[in-house]
Number of protein chains: 2
Amino acid sequence: MEYTASPKPQLSSRANAFSIAALMSSGGSKEKEAAENTIKPLEQFVEKSSCPQPLAEPSLDSQADFGAGGGSPSSSSSLCTEPLIPTTPIIPSEEMAKIACSLETKELWDKFHELGTEMIITKSGRRMFPTIRVSFAGVDPEAKYIVLMDIVPVDNKRYRYAYHRSSWLVAGKADPPLPARLYVHPDSPFTGEQLLKQMVSFEKVKLTNNELDQHGHIILNSMHKYQPRVHIIKKKDHTASLLNLKSEEFRTFIFPETVFTAVTAYQNQLITKLKIDSNPFAKGFRDSSRLTDIERE
Amino acid sequence: MEYTASPKPQLSSRANAFSIAALMSSGGSKEKEAAENTIKPLEQFVEKSSCPQPLAEPSLDSQADFGAGGGSPSSSSSLCTEPLIPTTPIIPSEEMAKIACSLETKELWDKFHELGTEMIITKSGRRMFPTIRVSFAGVDPEAKYIVLMDIVPVDNKRYRYAYHRSSWLVAGKADPPLPARLYVHPDSPFTGEQLLKQMVSFEKVKLTNNELDQHGHIILNSMHKYQPRVHIIKKKDHTASLLNLKSEEFRTFIFPETVFTAVTAYQNQLITKLKIDSNPFAKGFRDSSRLTDIERE
DNA sequence: AGATTGACACCTAGGTGATAAATT
DNA sequence: AATTTATCACCTAGGTGTCAATCT
């Protein structure tokens, strides 16, 4: 007598893995099933870049700190010694060059980055914490934009954590690359007007270590280091496909303070503590509430 | 130290009240603030129809039962003696005329309809139960469609419930009409392909009695009888506005078994019982679980 | 007297890290 | 020995009807 199920499937979220063609033709993000068969990493049509064979060049992308907020950039990137993803030398159009993107949650990201951010990955998918939240400036209020995210390897290494030293060590060469996935923000396409007044939050993106994931989650290798990236694409009126997307039509933003190591269980106890203290869903593990656990017995 | 708030507002849902112009120009449903000032009932540009001055003509709309499911239509409409909203004589294009819409949750709606469906309305907004869920057939897989819903008065009366007789009585003339609102399905625009394989569920629509509601909920008068309607609009490639929308470009579907009376508290106890037994969120009030309440003491 | 409101207990739904067991 | 998995208690977030208090 309980009515929850439904004869036809209902896509609850519009955020999924996508083929590039589907991305631009529908402007949305709902081609769940079709996408699995036609996944193409962003790099493939952007330019040959870092994803499968990351370069070791430690050159900071010029766009990376562009509008990264009013905080002190030195403090957030001071410990960031690993080579960053070199964003390929894009020649944006004058119009796209005006776009700025800032990381809204920079203060919290900085705290994690100082300790060495870790993100749990699970078979069913785990959210990121902190969440990537960005604001845009310089967009055309009348235009439409697709905002998306991906996560690319920082280097070609596999890591392990030395508990006795409380530090990360290189443990060898990276595992084979996994199918790259784009997370198109489910509210895409945005109007420029919306982007100017709203923040774009990637809170619903999920990370998994399941190579066969069917949910469109981003697939990562455990014990590898990753860099999230945010992309914005200006949507042409009815270009049927993105296959012929030109480099002037999109921008990529990288925030070095969002680098993290994918793990199946937290390694650094300080990271665990900071997660518990700052993530509302982990409130049950905070010191103050754990004292009252005894009282409940 | 807890990070949940954000400097800029983030629209969590894209479903809101809309101006028609905003509806078609963006194809989305996000003009939250602007919409409050430019609300126009669908009727206003569709045709002069029922909303403020409902007709008393008990003519069943020809589209109403069109594809209303495989159930027995006689049982669901047999008790439906109140005059239905006469959908104005639309002349759809050949293409739009092919579109069929069926109510997926018809069996449950029938059960409620036999008792006289009631829907709670609150200041903060209350979901409908059952939920309106529809499937479409005959759409062009390559086209894009906006799917929306509204709720119009069934008649010009105000009702009251006679407890001793367990029946509804006419209590006078209807209260002044409230600002009409459209609920654009948050996944709009849909591709025809999506509509053919997915169901469209209006589970997130909320009803309120707050005339000053700022959340885009549908505003209703308590103790009045209403008819939900589902509309589908074929989106032209980049028609900037819907102001010049022609009747051939959309279709309206009405399911008589979804008529309900808006209430601030349930009147018919049989309705209360059926809600408790069929809505998962009311499981705590079911007979079986209420027996175990005693055990918990 | 009828209708409305707000606090409440009880759910669904799902995001946390802890933990022990399983895997490699 | 290191890593991964499944289960769990404990949260957030929010959808239910109930009930007593309030409004009109």
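When reading the values below, keep in mind they use all heavy atoms of this one structure, side chains included, and skip hydrogens, waters and symmetry mates. Chain A is the first sequence line, chain B the second, and so forth, proteins listed ahead of strands; every chain is numbered from 1. On a predicted model such as this, the values are computed, not experimentally measured, just so you know.
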Engineer: Pick the nucleotide of DNA chain C nearest each of A/A265 and B/T264; which residue has the one closer to the 5' end?
Structural biologist: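 Here B/T264 is the residue nearer the 5' end.
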
Engineer: D/dT3 C1' sits how many Å from A/I120 CD1, rounded?
Structural biologist: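 After rounding, the reported distance stands at 12 Å.
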
Engineer: Using whole Å, report how far CG of A/L270 lies from C1' of C/dG17.
Structural biologist: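 Atom CG in A/L270 sits about 16 Å away from atom C1' in C/dG17.
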
Engineer: Return the 5'-most residue of the pair B/F281, B/I121 with respect to DNA chain C, ranking by each residue's nearest nucleotide.
Structural biologist: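 In this pair, the answer is B/I121.
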
Engineer: Using the ring of A/Y159 (Phe, Tyr or Trp, six-membered ring only), decide whether A/K225 places NZ or CZ under 6.0 Å from its centre and within 45 degrees of its axis.
Structural biologist: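 Judged by the rule (NZ or CZ under 6.0 Å from the ring centre, within 45° of its axis), A/K225 counts as positioned above A/Y159.
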
Engineer: Side-chain N or O of B/K275 less than 4.0 angstrom from OP1 or OP2 on D/dG17?
Structural biologist: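 False: B/K275 side-chain N/O out of range (4.0 Å or more) of D/dG17 OP1/OP2.
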
Engineer: Can you tell me if B/N209 touches the phosphate of C/dT5, counting only side-chain N or O atoms and a distance under 4.0 Å to OP1 or OP2?
Structural biologist: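 For B/N209, the contact criterion (side-chain N or O under 4.0 Å from OP1 or OP2 of C/dT5) is met.
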
Engineer: At under 4.0 Å, does any side-chain N or O of B/S222 touch on OP1 or OP2 of C/dT4?
Structural biologist: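 Indeed, a polar side-chain atom of B/S222 lies that close.
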
Engineer: Flag the pair A/I120 / A/V263 as yes when at least one side-chain heavy-atom distance between them is below 4.5 Å, and no otherwise.
Structural biologist: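 Yes, side chains in contact.
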
Engineer: When you measure from the side-chain N and O atoms of B/K206 to the phosphate of D/dG15, is any distance below 4.0 Å, counting only OP1 and OP2?
Structural biologist: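 Yes.
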
Engineer: Mind calculating the distance between CG (B/N268) and P (D/dG17) to the nearest angstrom?
Structural biologist: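 It works out to 13 Å between those atoms.
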
Engineer: Within the structure, does a side-chain N or O atom of B/R126 lie under 4.0 Å from either OP1 or OP2 of D/dG17?
Structural biologist: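 B/R126 to D/dG17 OP1/OP2: side-chain N or O found under 4.0 Å.
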
Engineer: Once you round it to whole Å, what is the distance between P of C/dG15 and CG of A/L207?
Structural biologist: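 Distance, rounded to whole Å: 12 Å.
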
Engineer: If we only count heavy atoms from C-beta on, is the A/L195 to A/V200 side-chain gap below 4.5 Å?
Structural biologist: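 A/L195 vs A/V200: side chains touch.
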
Engineer: Grab the CG-P distance between B/N210 and C/dG6 for me, whole Å please.
Structural biologist: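 Taking CG of B/N210 and P of C/dG6, I get 10 Å after rounding.
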
Engineer: OP1 or OP2 of C/dC10 less than 4.0 angstrom from a side-chain nitrogen or oxygen of B/K283, does that happen here?
Structural biologist: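 No, because none of the side-chain N or O atoms of B/K283 sits under 4.0 Å from OP1 or OP2 of C/dC10.
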
Engineer: What I want to check is whether the side chains of B/T261 and B/E118 have a donor and an acceptor closer together than 3.5 Å.
Structural biologist: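 Side chains of B/T261 and B/E118: no pair found under 3.5 Å.
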
Engineer: Calculate the interatomic distance between B/Q269 atom CD and D/dT18 atom C1'; express it in whole Å.
Structural biologist: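 Those two atoms, CD and C1', are 13 Å apart.
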
Engineer: Compare side-chain N and O positions of B/R127 against OP1 and OP2 of D/dG14 and report whether any pair is under 4.0 Å apart.
Structural biologist: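 Answer is no, no contact under 4.0 Å.
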
Engineer: Rounded to the nearest angstrom, tell me the gap between atom CD in B/E211 and atom C1' in C/dT5.
Structural biologist: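 B/E211 atom CD is separated from C/dT5 atom C1' by 16 Å.
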
Engineer: Measure from the side chain of A/M223, starting at C-beta and using heavy atoms only, and say which of D/dT3, C/dT12, C/dA3 lies closest.
Structural biologist: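 So the side chain of A/M223 is nearest to D/dT3.
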
Engineer: What is the distance, to the nearest angstrom, from the NE2 atom on A/H215 to the P atom on C/dG15?
Structural biologist: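 Between P of C/dG15 and NE2 of A/H215: 11 Å.
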
Engineer: Answer with yes or no whether the side chains of A/Q269 and A/Y163 bring together a donor and an acceptor at under 3.5 Å.
Structural biologist: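 There is no such pair between these side chains.
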
